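Please read these numbers as outputs of a predicted model, since none were measured by experiment. Values below: every heavy atom of this structure, side chains too, minus hydrogens, waters and symmetry copies.
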Amino acid sequence: MSAAELVLAEAVRDGIAVFDAAGLFLHANSAARAISGWSAADEYEKLFDFRPGVVEIRPAKWVELRHVALSWRTQPVRAAIFTDVTAQVALRDAQRTLREIGLIDRVTGLATEAILRDHLRRSLALAARDERWAGVVWLALHRVTLRGADGKRAADEALRQCARRVQAVIRNSDLAAVMDENTIVVALTAMGAPGDAQIVAVRLLLALAPPMLIDGRERSIGVASGVITASDRSIGVDELLERARAAAEAAVSAAAPVHVERAR
């Protein structure tokens, strides 16, 4: 590596450790020291033998590792380049645990009904305390039904794509959940006015309107939306969800994209 390359190595966020052909440690940039917490040469030399991929370099410290061939002072060397992915691994493990105990939907990665209900309870409490509004947008999906395993796979992919589009629209403070294979529900928190929920519903319908590419074919998913808002805890979670579902059914019956109700 030239002097310029060493300066560049100090400027990047990836860890870089350089070894000679025999695996002896030569150099580590500051990011490598920060990520690994290592200072001794023999600690870095463990990287030389790790296979590329996501590896645990020390307890609870995970990196994505790759090896590249370089030239160091005219001699061939190998560099281990690694990115800290500890947070991503922890999130992956947490999501796996939540799926295993039924709190995360296996197909979409969205929350399930148990998490939704807890979120709504807190949303109603915050609305009462802060004189704001909580709400529910109930999305009834009308998907093409196909038979057999291929049909189930295509239906799952349609639901998965719907979930991604919903997640892209809502705020971080809101929560999207799967009620069943034809229903996604969005819990809205801390709205300034009840009309905000209708705006969200329209944005969701616009996001779900374009055709989806499934098994190489474009498929359109019909959606009807029911909206319900509340400003205090005099309405319970059960009633809030039931009225949102009924509002969605009313939208379907009226061939309208959205049906809106206000609880309080």
To the nearest 0.5 angstrom, please state how far the [atom1] atom of [X] sits from the [atom2] atom of [Y].
X	Y	atom1	atom2	result
Asp196	Leu188	CG	CG	9.0 Å
Leu65	Ile81	CG	CD1	9.0 Å
Arg243	Thr229	CZ	OG1	9.0 Å
Cys162	Leu141	SG	CG	5.0 Å
Arg160	Leu110	CZ	CG	11.0 Å
Asp14	Thr83	CG	OG1	3.5 Å

Side-chain heavy atoms of [X] within contact of [Y], under 4.5 Å:
X	Y	value
Tyr44	His27	no
Leu126	Arg129	yes
Val186	Val136	no
Glu45	Leu24	yes
Phe82	Val54	no
Val63	Glu56	no
Ile221	Met212	yes
Val185	Leu139	no

Indicate, with yes or no, if [Y] and [X] share a hydrophobic cluster defined by side-chain heavy-atom contacts under 4.5 Å among Ile, Leu, Val, Met, Phe, Trp and Tyr.
X	Y	value
Val18	Ile57	no
Val202	Leu208	no
Ile199	Leu206	no
Leu205	Leu159	yes

Any donor-acceptor pair under 3.5 Å from [X] side chain to [Y] backbone:
X	Y	answer
Ser36	Ala32	yes
His67	Phe50	yes
Ser231	Trp133	no
Asp215	Arg217	no
Arg165	Pro210	yes
Asp105	Ala111	no

Which atom pair, heavy atoms only, marks the closest approach of [X] to [Y]?
X	Y	result
Ala127	Ala230	CB-O, 4.3 Å
Arg58	Trp38	CD-NE1, 4.1 Å
Ala224	Ala248	CB-O, 4.2 Å
Gly135	Met191	N-CE, 3.7 Å
Ser225	Val137	OG-CG1, 3.3 Å
Ile104	Thr112	C-CG2, 3.7 Å

Quiz: residues 169-177 side-chain donor-acceptor pairs under 3.5 angstrom, not counting sequence neighbours:
unit_1 : atom_1 : unit_2 : atom_2 : d
Arg171 : NE     : Asp174 : OD2    : 2.8
Arg171 : NH1    : Thr189 : O      : 3.4
Arg171 : NH2    : Asp174 : OD1    : 2.7
Arg171 : NH2    : Asp174 : OD2    : 3.4
Arg171 : NH2    : Thr189 : O      : 2.3
Asp174 : OD1    : Thr189 : N      : 2.9

Salt bridge (charged side-chain N to carboxylate O under 4.0 Å, His left out) with [X]: which residues, sequence neighbours excluded?
X	value
Asp238	Arg117
Arg122	Asp118
Arg132	none
Glu242	Arg245

- Query: Partners of Phe48 by ring pair (Phe, Tyr, Trp, His ring centres under 6.0 Å), sequence neighbours excluded?
  - Reply: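 Once residues adjacent in sequence are excluded, the partners of Phe48 under the ring pair (Phe, Tyr, Trp, His ring centres under 6.0 Å) criterion are Phe19.
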- Under a 4.0 Å N-O cut-off, is there an ion pair linking Lys61 with Asp84?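 Between Asp84 and Lys61 there is a salt bridge, with a charged N closer than 4.0 Å to a carboxylate O.
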- Message: Under the criterion side-chain contact (heavy atoms from CB on, under 4.5 Å), I'd like the reasoning laid out for Gln161 against Ile214: C-alpha separation, chi angles, the key distance, then a yes or no.
- Response: CA-CA 9 Å; Gln161 291 192 34; Ile214 300 171; 3.8 Å; yes
- Message: Please determine whether the number of non-hydrogen atoms from other residues, nucleotides or ligands lying under 6.0 Å from atom CD of Glu64 exceeds 12.
- Response: no
- Task: Verify the neighbour count for atom CD of Glu43: are there more than 12 heavy atoms of other residues, nucleotides or ligands below 6.0 Å?
- Result: yes
- Evaluate the criterion side-chain contact (heavy atoms from CB on, under 4.5 Å) for residue pair Trp138 and Glu249; output intermediate values, then yes/no. CA-CA 10 Å; Trp138 187 287; Glu249 290 181 353; over 6 Å; no
- Message: Applying side-chain contact (heavy atoms from CB on, under 4.5 Å) to Val77 and Leu26, what does each step give before you reach the verdict?
- Response: CA-CA 9 Å; Val77 297; Leu26 299 174; 3.9 Å; yes
